[in-house]
Protein chains: 2
Amino acid sequence: MQKRTDHEAALRRSGLKSTKHRTAILDILEQSDQPMAAEQVYLELGDQKIGVSLSTVYRVLESLLDKNLVTKLSMSISGDNRAYFEYNRKSHRHYLVCLGCKKIKAIEHCPLKNYEEALEREMNYTIEGHKLDIYGYCPACQEHEK
Amino acid sequence: MQKRTDHEAALRRSGLKSTKHRTAILDILEQSDQPMAAEQVYLELGDQKIGVSLSTVYRVLESLLDKNLVTKLSMSISGDNRAYFEYNRKSHRHYLVCLGCKKIKAIEHCPLKNYEEALEREMNYTIEGHKLDIYGYCPACQEHEK
DNA sequence: ATGCAAATGCGAACCATTCGCATCAGAGGA
DNA sequence: TCCTCTGATGCGAATGGTTCGCATTTGCAT
Ligand SMILES: [Mn+2]
Ligand SMILES: [Mn+2]
Ligand SMILES: [Zn+2]
Ligand SMILES: [Zn+2]
């Protein structure tokens with residue numbers, strides 16, 4: 001976990017004012033092991049006695065997204081139709097999603113380093129990053145199938 | 001492109017009744033080189049003089065999704081917040097997305113076959129598939145940067 | 001042909017997200 | 001430290017993609 005001052009610095013570097021809401025939201029997302037919906041972030045702020053309006057949470061998330069401090073997931077987690085956000089660890093993470101219980105596990109190792117470079121040459125693109133989601137059934141859900 | 005009868009068969013195999021709306025929607029998604037939003041599908045049906053209500057389009061897409069005949073990629077394409085659907089080619093596709101012009105290119109080769117198998121053993125998961133999106137800048141947008 | 005469950009049309013409801021506008025607060029300069 | 005100005009926030013209303021309720025129609029098995 002980073003120290004608060006790192007988040008303040010990151011905000012300034014991005015040209016965003018450092019506010020208690022923004023640092024708190026970055027803290028919350030950084031400490032979460034799961035991507036979070038705006039409302040979850042809002043509720044967590046409430047638990048921490050940090051008064052904030054839901055629209056501010058949306059606006060903060062959007063500006064953090066603009067500045068690439070957080071990312072927005074492109075998959076729907078639980079079949080519902082809302083957006084999930086995660087702290088942008090520059091070492092990107094990959095997810096293993098259980099199709100049964102919808103639990104999400106982060107995968108540490110990246111199998112795509114070499115592939116990206118090959119692709120850059122082959123397609124003449126400048127590659128900035130990637131997202132990889134792998135779908136399957138966790139051990140518990142395989143058991144439950146029987 | 002598959003023949004219509006193939007879509008009818010796929011529907012029956014999935015336990016869905018074969019209707020003109022469903023086969024038409026499968027045809028449209030299969031022939032599209034881009035994921036489509038529900039409304040785009042609806043408009044295309046209109047162009048083809050196939051009268052249908054928008055709620056039916058949503059319901060058809062959802063049942064096709066349940067049966068894995070299409071896939072859903074929620075909110076990532078143009079910054080807007082609606083769901084996009086694509087025909088589920090069993091040979092899954094990977095996308096190369098330009099961060100500049102937002103164009104999406106399909107990538108044919110899959111670099112993850114071996115990795116999936118290793119992951120199955122290591123994590124005790126049953127892997128069903130994966131999605132891979134690679135982000136970067138296309139040749140044209142690199143030019144435009146200068 | 002008949003019967004029944006599933007599919008559809010239509011409008012209303014839902015709800016995550018966005019907006020408008022008045023007020024407040026962070027950051028830099030005086 | 002105080003001022004000033006721009007950007008951030010609160011609050012409520014509006015928006016718009018998606019879902020629902022219910023009456024009607026259609027696919028398909030018998
Ligand atoms: Mn990777
Ligand atoms: Mn692949
Ligand atoms: Zn599971
Ligand atoms: Zn481009």
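Chain A is the first sequence line, chain B the second, and so forth, proteins listed ahead of strands; every chain is numbered from 1.
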Indicate whether OP1 or OP2 belonging to [N] is found under 4.0 Å from a side-chain N or O atom of [X].
{"X": "B:H21", "N": "C:dA7", "answer": "no"}
{"X": "B:R12", "N": "D:dC28", "answer": "yes"}
{"X": "B:Y58", "N": "D:dT19", "answer": "no"}
{"X": "B:T56", "N": "C:dG9", "answer": "yes"}
{"X": "B:T19", "N": "C:dT8", "answer": "yes"}

### Message
Using every non-hydrogen atom in the two residues, find where A:L45 and A:A24 come nearest and quote the distance to one decimal.
### Response
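Reported closest heavy-atom pair: CD2-CB, 3.7 Å.
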### Task
Looking only at non-hydrogen atoms, find the nearest pair between B:V70 and B:L65 and report the distance.
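Residues B:V70 and B:L65, closest heavy atoms: O-CD1, 3.5 Å.
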Nearest-angstrom distance from the residue atom [atom1] of [X] to [atom2] of [N]:
{"X": "A:K20", "N": "C:dA27", "atom1": "NZ", "atom2": "P", "answer": "14 Å"}
{"X": "B:L11", "N": "C:dA6", "atom1": "CG", "atom2": "C1'", "answer": "13 Å"}
{"X": "A:E62", "N": "C:dC19", "atom1": "CD", "atom2": "C1'", "answer": "12 Å"}
{"X": "B:R82", "N": "D:dG16", "atom1": "CZ", "atom2": "P", "answer": "11 Å"}
{"X": "B:N81", "N": "D:dT18", "atom1": "CG", "atom2": "C1'", "answer": "11 Å"}
{"X": "B:Q40", "N": "D:dT18", "atom1": "CD", "atom2": "C1'", "answer": "16 Å"}
{"X": "A:M36", "N": "C:dA16", "atom1": "CE", "atom2": "P", "answer": "15 Å"}
{"X": "A:I25", "N": "D:dT9", "atom1": "CD1", "atom2": "C1'", "answer": "11 Å"}

### Task
Can you run down the salt bridge (charged side-chain N to carboxylate O under 4.0 Å, His left out) pairs that involve residues 46-62 of chain B, sequence neighbours left out, and say none if there aren't any?
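Residue pairs passing salt bridge (charged side-chain N to carboxylate O under 4.0 Å, His left out), neighbours aside: none found.
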#### Entry: Contacts of A:E39 that satisfy salt bridge (charged side-chain N to carboxylate O under 4.0 Å, His left out) - sequence neighbours left out
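Testing A:E39 for salt bridge (charged side-chain N to carboxylate O under 4.0 Å, His left out), a comparison that skips the adjacent residues, returns A:R82.
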### B:H109 and B:H94 side chains, donor-acceptor separation under 3.5 Å
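Side-chain D/A pair, B:H94 to B:H109: absent.
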### Message
Can a side-chain donor-acceptor contact be found between A:H7 and A:E30 if the only test is distance below 3.5 angstrom?
### Response
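Indeed, the side chains of A:E30 and A:H7 share at least one donor-acceptor pair under 3.5 Å.
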### Query
With A:E86, which residues qualify under side-chain hydrogen bond (donor to acceptor under 3.5 Å, both in side chains), at least two apart?
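For A:E86, the residues satisfying side-chain hydrogen bond (donor to acceptor under 3.5 Å, both in side chains) (neighbours in sequence not counted) are A:T71, A:Y95.
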### Task
State which residues pass side-chain hydrogen bond (donor to acceptor under 3.5 Å, both in side chains) with A:E120; sequence neighbours excluded, sorted by chain then number.
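So A:E120 forms no side-chain hydrogen bond (donor to acceptor under 3.5 Å, both in side chains) with any residue.
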### Message
Please list, in numerical order, the residues of residues 41-53 of chain B that have a heavy atom closer than 4.0 Å to any atom of DNA chain D.
### Response
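Nothing qualifies; none.
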### Task
Just jot down the side-chain contact (heavy atoms from CB on, under 4.5 Å) partners of B:Q48, sequence neighbours excluded, or say none.
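Result, side-chain contact (heavy atoms from CB on, under 4.5 Å) vs B:Q48: B:I28, B:E44, B:I50.
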### Task
Identify, with sequence neighbours excluded, every residue that meets side-chain contact (heavy atoms from CB on, under 4.5 Å) alongside B:S63.
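Result, side-chain contact (heavy atoms from CB on, under 4.5 Å) vs B:S63: B:L16, B:R22.
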I'd like a table of atom pairs between the protein and nucleotides 11-15 of chain C - only N or O on both sides, under 3.5 Å - with the distance next to each one.
from	atom 1	to	atom 2	distance (Å)
C:dG11	O6	B:S55	OG	3.4

List the atom pairs, with distances to 0.1 Å, where a side-chain N or O of residues 51-58 of chain B and a protein N or O form a donor-acceptor pair under 3.5 Å, not counting sequence neighbours.
from	atom 1	to	atom 2	distance (Å)
B:S53	OG	B:S55	OG	3.4
B:S53	OG	B:T56	N	3.3
B:S53	OG	B:T56	OG1	3.1

### Message
Between D:dT6 and A:K17, counting only base atoms on the nucleotide and side-chain atoms on the residue, is there a donor-acceptor pair under 3.5 Å?
### Response
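Present.
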### Task
Name the residue closer to the 5' end of DNA chain D, choosing between A:V57 and B:L54 according to the nucleotide with the nearest heavy atom.
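Final value for this comparison: A:V57.
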### Task
Flag yes if more than 12 heavy atoms outside A:Y42 fall under 6.0 Å of its OH atom; otherwise flag no.
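It does not: A:Y42 OH has 12 such atoms or fewer within range.
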### Query
Just how large is the angle between the end axes of the helix from C:dA1-D:dT30 to C:dA30-D:dT1, five pairs per end, to 10 degrees?
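Rounded value for the end-axis angle: 40°.
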